[in-house]
Structures are given as structure tokens and as C-alpha cells.
Amino acid sequence: MKKNIKSVDPATQEMLKWTEKECIETIWDRTKLQEPHCGFGSLGVCCKNCNLGPCRIDPFGEGAKYGVCGADKDAIAARNLLRHAISGSACHNDHGRDLALALLALSEGKTQGYSIKAEEKLKKVAKEYGVEIENKSLKEIAGEFAKKILAEYGQQTGELIFSHRAPKKRQELWRKLGIMPRGIDREITESLSRTNIGVDNDYKSLVASIMKVSLSDGWGGSMVATEISDILFGLPAPVRAKMNLGVLKEDEVNILLHGHVPLLSDVVAETALDEELIKKAKDKGAKGINVAGICCTANEVLVRKGIPVAGNFLQQELALATGAVDLMLVDLQCVMPSLARVAESFHTKIISTHEKARFPGVPHVEFKEERAVDQAKELIETAIDNFTNRDKERVHIPQETSDAVVGFTAEGIFRHLGGKYRSSYRPLNNAIIEGRIRGVVGVVGCDNPKNQSGGSHTKMVKELIAHDILVIQTGCAAVACGKSGLLRPEAALEYAGAGLREVCEAVGIPPVLHGGACVDNSRILIECCNILNEGGLGEDFSDLPIAGAAPEWMSEKAVAIGWYVVASGLFVLFGSPLPVLGSENLTRYITKDLFDIIGAGWGFEEDPVKGAHVLIEHINKKREKLNLRPMMHEPLTSKKDNDALVS
Ligand code: NFS
């Protein structure tokens, strides 16, 4: 492997040469300036929670053993980790709240361009929340459901309704350990108060709080976001689409949707099909209007509408550096504050749209649900008007695009594997039981310039599918694999072990299933519930030959996701370690002791192929415990070099 290559993706490589030539600073340049990263921070042993400090503990025991207040490294590292989990959980939970408020607004007739697109799903979840649905209009049901959800955010006691979707055994364990989430906002506030100086100083108790606040994300806000997005924008279904910077068009108006909340982006994607707007674009000399996405907003419109993805997290600056973007709309989360500086070198306009996220030098058009379509039109017109300002001499669009088939949901897997008339998880369970499929791994999360971008994802995923492990993906990890061609059904022939290949060929699915944005990791929880309910693979998540991985994680949201997956009973492997290694006690607790307490824990492995083997070993052990049949076929020893994409 050529280690100095920053990305396995040729489009990214090409753009990095271009940005260097054009003197445009990127995240890779800034990473270099920060290296070596602060050792105390990486190990989790610095604290600036009060003005006695900032304090830092000498991890080698030669200097300070305690912060000024007396906190030891265990408490400091655990408190810091809890703050990461709170922030990550808060982001997803607030995202879910935005969707619930939009659903409420729809029910009150205060939205423009929205409708109930998944009636059955609305009725099903409303019933779960105790809404009487007989003789009521869809809007009435939506309104009552939204109010119940919003009340649950502020609930002081009780349990989150969606947590009751988890296996009974798991729920009992959460109750026994006192980590069953009550109200979403209560968990965020309480856990943050624990991190104040002199409140919770026991690392084990802090870890319990990490699990509780993270569960309020996975079985709370994220699940709310997924369910309501499906209701408002439609249930994703398999769709063919294109990925990578080559989806930008030299001769069309290019609009990039960036961020996470689909409330405006979905309407913009829809409105861009308007004949009048297309005519306006043509009048300005463009051949049409091209809408594409970045980050998880991209994944939202990709899995529902097949809108192309221009790139994942690390490519946002590179997309602007093509000089071909006429307008980038940003809402919130994972939006680099550097974007305005990159855009300055070109005609590109950036507009922020979410009340919670402003960027210096970026004009703000606050999104209002009641004007969604009008706003979308105005914004598209801004892009059209800006098209004529494009300097054609400075346009540099890499040609790379990859095909992908995406849009696999918990509901869709029923249909695909069970057949249209026999919707069931039985074929999937049987394939696992009989040894055609070894197990399932969710490979999710961000991309990170500390890694060779995309390299860890693709290498890990190829190794897993070669060992007959079905991979489920979301977020930037899915885009990384999509760009490498792993989301095509043909990838089963090229990279999958014989057993997995048979299953994929029989039902026509890729060996790597893209389920949506990061909030849609909640779909993976539901898939695990469905597998358990189908029978034959145990009673709890911790029995399943299933695990999670985030080989290139960087966001605090990834911390919260990892923790709700662990607290749900599934092993999680991160590429770079959580910032805990400065505390031996905390590290041992979360990587070993926790298995006896919660039935799962953490592993860290930077080498993605070795990481894949840690996951394979874990799955093999679960298979043994379940007494499943031996695997039918030997793993595929890949004839394709894992580095083949690095030219
Ligand atoms: Ni997830 Fe999506 Fe990407 Fe990471 Fe950011 S866009 S919510 S946090 S970087 S996968």
C-alpha cells in the first residue's frame, strides 16, 4: 500500500493536486499543522471543566496524579467521554425534534409542499404511541403522534416508547442497571450536570450515564428522526444512483445540499424538477439543474430519490474547489467552518438555512416550513442567476463516478429476502443458521484525514464480505464504499465469499446494503430486533452474530452511536481508540468488564484488515455459542488486491 496517499479515491487524489496548485487550503493541510495531536487530549486526561484548571494528568505517573479538585484520571477521562456522548446524542435528538415539529406543523396546515408519504408507517408508529387511529384523518393522527413525541422529549419519568421495541431481556437489563432512558431532554440535562466539578466522580457510574444518554439517542431521537423522515418523505426503496465528484456537471446549474436535516433539502430536490425553473436555467445558458448532496443530507435524498452524492465529509471543500458549484445550501452538523474561505476563490455562493447553525461570512436564509416550496424556488433561482458568474477557465471537475444501488431499510430487507408475497426475515435467518452468511456487521461513521480516506472502510468491508459477512452501512462510510463500487450488486461476484454471493445473487442485492444517513443507524437496531423475532438466533442482541464498526470515526455523534450500540448488546470496533487510554481502569472497564455487565463492549484496531478479523472472530464465537452449523464455504481469498484502487 502506498501509505502517503491521502485517499483511495482517485477523484479526491486529483482534487488534492488541484487545490495544492490553486493554493486552496483543505482539511489535510490543517491536519498536518495540528500534528502531533495533543497527547493529553488523545488519552483523555486533560480537564477544563472548571477554572481551578485547566488540569492534566501525567499518564505515566511521574507528574500530577490528580486535577486541582482531586479528580483522578479515571474520572477525568470518563467525564470527557460522557461530554462527547452528550453532544453527539443531543445532535441526533434535536434533529428528531425538528422532524417532530415539522410533522406537527403539517398537521396544523402550516407547511408548504409536505404530505404524508408513508401512511401505513404513520398509523403503525402512532398506534405504538397510544394514538387512537380509528375514524381519524391522517393529519389528525400525525398531529396527535407528533404531540406525544414532543411530550416524550420533555418527560420526567417513564420510559421512551421506542425502547420497548428492544428485546424483553434487554429492556429488563436496562431497568436493572438504571439506564433505561426516561425523557430525552432529561437524560441530556442530567448527564451534563454529572460532569460539572464535584458531581459524578466514579468512572463506572459515569459510564452508566454514557450508556443512558446514548440510548436516548438510538432508541429515542435517531429513531424518531428516521421514522418521521420516512413518514414525510417516503420509505426508501432500492434505487440506482451515482456517487463522487464527477456527478457535478460542467454545463448545468449545480446545487449542493449539505448537512443533515432533510426538511429543506428534500423540497429543493423536488422543486428543482419544476419546468419553469429548468427553462430559466436554460435561458441562462445552462442545460439544466443538477442537484447533488454532501454528507448525510446527501444520504437522505439519495436513498429516497436517487439524487446523486457528490461526496462525503472529507470532500466538501473539494466539491467547492471544482469551481462548478453555483450554490451550496448548508443546514447543520459536519459542515466545515472553512467552506466560506474556499468559496471565496470562486463564484460559489453558500447559504446557511438552519436557525441553529451560522457561519461567518455566509448569508443566512432561515428555513420556514410554511414557505418551504417558495424558499426552495428562491434559492434555486439564486443558483441559476449565479451560473453566469461561473469562470469556465477555473472549472475542474474530476470525471470519476461510481454506480450504486442504495435504499435498504428494515422493512425492505423483509421484502427482498422473503420475496414480495412472503415478507419475512426467515431466509436471512436461515442463511445465517445454515452457514451461508456468517453474520452481519454495520460498518458506519465518518471519514477522517488521520486515516487514508476511504481506505479503512473499503479494506475492512472487502475483508468482511470475503468472509461471508453481510455488511450494512449508513453515513459517510456508505459513500466511501459506494465510490469504490462496493454498493453494486456485481460486487457480490467480485468480492463476496461463496455463501454470501449465493444469497446476493438469488435476491439481486449488493453484499453491502446502504440504509441511509447516520440517524438511520436506528434501522440497524430494528433489523436486529426483526432477526431475533424471526427466531433461531437467540433472545437478545448480545446473542447475535452481529457487530458494529466505525473505522474512520471522528464526530461526537459517532461516540453516541457506538455507545448505544454497545449498550444494546453488540460489540463495537472503532479504528482509532476513544480518548480513554490515559485511564487503565476506564479502558479495561469498557473493553473487558462491560461484556459481563451489558453483554458487549469496545475494541480498537487501526489496521482495517486486522479489525475485520477481530469482528470475524467475534462473530465466530457468537456462532459457536448459538451452536450454528459450520460455514458452508471457505472464505474468498481475494484475487482483487485491496489496494487496487490506489493508482
Ligand atoms: Ni455521521 Fe453524517 Fe459523515 Fe460522520 Fe458527519 S456526515 S451524521 S457524523 S462525517 S458519517
Side-chain angles (χ1 to χ4, degrees), residues 7 9 12 27 31 84-85 87-96 98-99 214 217-218 221-226 229 243 256-262 265 292-303 309-319 328-339 354 356-357 406 442-451 453-454 456-458 460-461 472-483 514-524 548-565 572 574-576 578:
S7 171
D9 166 35
T12 299
I27 189 169
T31 301
H84 286 313
S87 169
S89 179
C91 265
H92 288 146
N93 286 336
D94 230 22
H95 176 160
D98 281 351
L99 269 301
S214 301
D217 169 350
S222 275
M223 209 168 269
V224 168
T226 297
S229 295
M243 290 184 178
L256 278 185
L257 308 168
H258 180 12
H260 282 75
V261 182
S265 46
I294 296 270
C295 281
C296 278
T297 275
N299 287 317
E300 297 271 1
V301 287
L302 166 79
V303 295
V309 174
N312 45 3
F313 174 72
L314 288 179
Q315 289 178 296
Q316 55 189 285
E317 293 172 311
L318 306 182
M328 179 188 256
L329 295 173
V330 300
D331 51 61
L332 41 71
Q333 297 173 24
C334 302
V335 178
M336 287 185 201
S338 59
L339 290 182
H354 202 289
K356 277 174 274 194
V406 303
V443 182
V444 303
C446 329
D447 51 350
N448 186 332
K450 287 179 179 170
N451 300 66
S453 161
S456 299
H457 289 130
T458 50
M460 176 178 279
V461 166
I472 306 186
Q473 293 208 282
T474 58
C476 291
V479 175
C481 289
K483 287 187 294 182
H514 184 349
C518 264
V519 286
D520 296 325
N521 285 323
S522 64
R523 297 194 199 277
I524 302 178
E552 300 186 26
W553 77 279
M554 64 85 194
S555 164
E556 289 176 309
K557 291 177 286 176
V559 177
I561 293 167
W563 272 105
Y564 74 63
V565 173
V572 171
F574 267 20
S576 47
L578 288 169

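Just so you know, ligand 1 is whichever comes first in the structure, and atom 1 is the first atom listed for that ligand. Quick note: residue numbers are just sequence positions, from 1.
Side-chain atoms of S453 never come within 3.5 Å of backbone atoms of S7 as a donor-acceptor pair (strictly under, hydrogens ignored).
Side chains of N299 and H514: a donor on one and an acceptor on the other come within 3.5 Å. No hydrogens or angles considered: nothing links the side chains of H95 and K557 as a donor-acceptor pair under 3.5 Å.
Every residue meeting the side chain to side chain donor-acceptor pair (under 3.5 Å) condition with E300, not counting sequence neighbours, appears here in chain and number order: R304. Residues meeting the salt bridge (Lys or Arg N to Asp or Glu O under 4.0 Å) test with D520, sequence neighbours left out: R523. K450 is linked by a salt bridge (Lys or Arg N to Asp or Glu O under 4.0 Å) to nothing, counting only residues two or more places apart in sequence or in another chain.
Listed by chain and number, the protein N, O or S atoms at a distance under 2.8 Å from atom 1 (Ni) of ligand 1 are C518 SG.
Taking every non-hydrogen atom of M554 and a distance limit under 4.0 Å, the qualifying atoms of ligand 1 come out as 9 (S).
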